[in-house]
2 protein chains.
Amino acid sequence: MGGVTALAHHLTIGQVAERSGVPHTTLRFYEDRGLISAERTAGNQRRYPRATLRRIAFIRSAQRVGLSLDDIAEALSTLPAHSAPTKADWTKLSKRWRTELDTRIDALQRLRDSLTTCIGCGCLSLRACGLFNQQDQLAEYGPGAPKLKAASEGGI
Amino acid sequence: MGGVTALAHHLTIGQVAERSGVPHTTLRFYEDRGLISAERTAGNQRRYPRATLRRIAFIRSAQRVGLSLDDIAEALSTLPAHSAPTKADWTKLSKRWRTELDTRIDALQRLRDSLTTCIGCGCLSLRACGLFNQQDQLAEYGPGAPKLKAASEGGI
DNA sequence: GTCGAACTTCGACTTAACTGGAGGTCATGG
DNA sequence: CCATGACCTCCAGTTAAGTCGAAGTTCGAC
């Protein structure tokens, strides 16, 4: 119960869980997957630097828009694990993701617009619309569960 | 092997699989989940109306942008299962999804822009940026695996 | 120095979305 | 009429992302 104090800039897992809204079980899971990391006390307990909160916010944001933890882990690997990222760090990350995010935004807009445009243009079959055409080109990039083997040119 | 003929506007599962690019196993799976349906021959084999191809294209598009099969199933339940959807059908579907899709597009753009904007404005902590703020509001809307229960406004 | 909350590991379970195999049935060109 | 390939059902396995519980350890306020 009492006041958990802990060295000002080192947060316990419970504190991080509370502040980030991410369950502590999930934080350990993220650690397993290499998304975050922590120092340990003499007694083997985790202590997180504040920068971790930022990392977690980023992870959740990226997840919300449909990116996998593997993709996110790869991107995050370019950021320093324990200190606050520098401008250069962000720029690097930004470059890698820009295209990927643009593609996804495009797909979403396409879907949304198809719902209207296809009606407007009378091509109810969708056949001439972006919806269909994208389908073919992005082909196996499709849905998201198992294997996802090849995955193409790696870069996210 | 030979020419699989079948009544012109009724496709076999193999034909649908080939034309849609979706494995036949997955087509049966989709049927279980109520996403598509088929008539049966006297011998109990599936025969799909052509409109099914459109449904499948829609399903895959929606999945690609991160919607769950449950969400998609719900939306599709407003469309006629066997005939081509009418303009009114599409309009109904469109209305239901518009907001949802807009929200997702927004989140994506926010993430993308955060990668640049946060650098530009110097708030490397992201704390003042959309990334963080959205987090709270969309809260439980978040990641996608099990339960998804209360989740609360945790606040990152 | 002790007591309870918070922490530790580890392994089993869950959900979503498939994927694959076994074992049997249907359809059709020769 | 029969071989072969496409189809059928059922069920078990996989991957991703968690989630839960047991059993034991550490922390820190009293």
Side-chain angles (χ1 to χ4, degrees), chain A residues 1-7 10-18 20-36 38-48 56 59-60 62-64 66-74 140 142-151, chain B residues 1-7 10-18 20-36 38-48 56 59-60 62-64 66-74 140 142-151:
Chain A
M1 183 179 282
V4 186
T5 326
L7 303 168
H10 280 107
L11 307 167
T12 67
I13 195 169
Q15 292 172 322
V16 172
E18 196 190 347
S20 68
V22 176
H24 59 98
T25 49
T26 301
L27 293 175
R28 293 203 195 88
F29 173 71
Y30 283 173
E31 189 174 317
D32 279 358
R33 308 299 247 68
L35 290 155
I36 58 177
E39 284 158 43
R40 298 296 182 122
T41 64
N44 197 37
Q45 295 196 355
R46 290 172 180 83
R47 285 301 178 273
Y48 296 93
I56 296 170
I59 293 166
R60 300 299 259 193
Q63 269 196 293
R64 254 212 326 278
L67 299 172
S68 73
L69 290 184
D70 277 358
D71 288 345
I72 300 169
E74 213 214 307
E140 81 197 278
K147 299 257 163 139
L148 250 196
K149 46 183 77 166
Chain B
M1 180 165 280
V4 186
T5 326
L7 302 167
H10 281 107
L11 306 167
T12 67
I13 195 169
Q15 291 172 323
V16 172
E18 197 191 348
S20 67
V22 175
H24 60 99
T25 50
T26 302
L27 293 175
R28 294 202 194 89
F29 172 71
Y30 284 172
E31 189 174 316
D32 279 357
R33 307 299 247 67
L35 290 155
I36 58 177
E39 285 158 43
R40 299 294 183 122
T41 64
N44 197 37
Q45 297 194 355
R46 291 173 181 81
R47 285 301 178 276
Y48 297 93
I56 295 170
I59 293 165
R60 300 300 261 195
Q63 270 195 294
R64 253 211 326 277
L67 299 172
S68 73
L69 288 184
D70 277 357
D71 287 345
I72 299 169
E74 213 212 308
E140 80 195 278
K147 298 247 162 147
L148 256 196
K149 54 178 75 166

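For A:Arg40, the listed nucleotide lying nearest its side chain is C:dT9; candidates were D:dT9, C:dT9, D:dG18. Side-chain atoms of B:Thr25 lie closest to C:dG20 of the nucleotides C:dT9, C:dG20, D:dC7. Of the candidates D:dT9, D:dA17, D:dC7, the closest approach to any side-chain atom of B:Thr12 belongs to D:dC7. Relative to the side chain of B:Gln45, the nucleotides D:dC7, D:dT19, C:dT9 differ in distance, and D:dC7 lies closest.
In this model, the phosphate group of C:dA17 is not approached by any side-chain N or O of B:Tyr30 to a distance below 4.0 Å at OP1 or OP2. Between B:Gln15 and D:dA6 there is no side-chain N or O to OP1 or OP2 distance below 4.0 Å. Applying the 4.0 Å criterion to OP1 and OP2 of D:dT19, one finds that A:Thr26 has a side-chain N or O inside that range. One finds a side-chain N or O of A:Thr41 lying less than 4.0 angstrom from the OP1 or OP2 phosphate oxygen of D:dC27. Distances shorter than 4.0 Å separate none of the side-chain N or O atoms of A:Arg47 from OP1 or OP2 on C:dA6.
B:Arg33 comes within contact range of the sugar-phosphate backbone alone, with a heavy-atom separation under 4.0 Å but no base atom that close. If you check every strand for non-hydrogen atoms under 4.0 Å, A:Arg46 touches sugar and phosphate atoms only.
Counting to the nearest Å, the C1' atom of C:dA22 and the CZ atom of B:Arg28 are 14 Å from each other. Atom CG of A:Asp32 is separated from atom P of D:dC20 by 17 Å (rounded to the nearest Å). For A:Tyr48 and C:dC7, the OH to P distance is 10 Å, given to the nearest whole Å. The distance from atom CG of B:Leu27 to atom C1' of D:dT9 is 16 Å, rounded to the nearest whole Å. Put simply, CD1 on A:Ile56 is 15 Å from C1' on D:dG18, counting in whole angstrom units. The distance from atom CD1 of B:Ile72 to atom C1' of C:dC18 is 14 Å, rounded to the nearest whole Å.
Comparing the helix axis at one end of the helix from C:dG1-D:dC30 to C:dG30-D:dC1 with that at the other, each defined from 5 consecutive pairs, gives an inter-axis angle of 0° (nearest 10°).
Between B:Phe29 and B:Leu69 the shortest side-chain heavy-atom distance falls below 4.5 Å. Residues A:Ile59 and A:Val22 form no side-chain contact, since every pair of their non-hydrogen atoms from C-beta on lies 4.5 Å or further apart. Two residues are said to be in side-chain contact when any heavy atoms from C-beta on lie closer than 4.5 Å; B:Ile36 and B:Arg46 fail this criterion. Counting heavy atoms from C-beta on, the side chains of B:His24 and B:Val16 never come closer than 4.5 Å. Looking only at side-chain heavy atoms (C-beta outward), A:Leu11 and A:Arg47 stay at 4.5 Å or farther from each other.
Annotation: of the two residues near DNA chain C, B:Phe29 and A:Gly43, the 5′-most nearest-nucleotide partner is A:Gly43.
The side chain to side chain donor-acceptor pair (under 3.5 Å) test applied to B:Thr25 returns no partner, not counting sequence neighbours. With sequence neighbours excluded, the residues satisfying salt bridge (charged side-chain N to carboxylate O under 4.0 Å, His left out) with B:Glu74 are B:Arg96.
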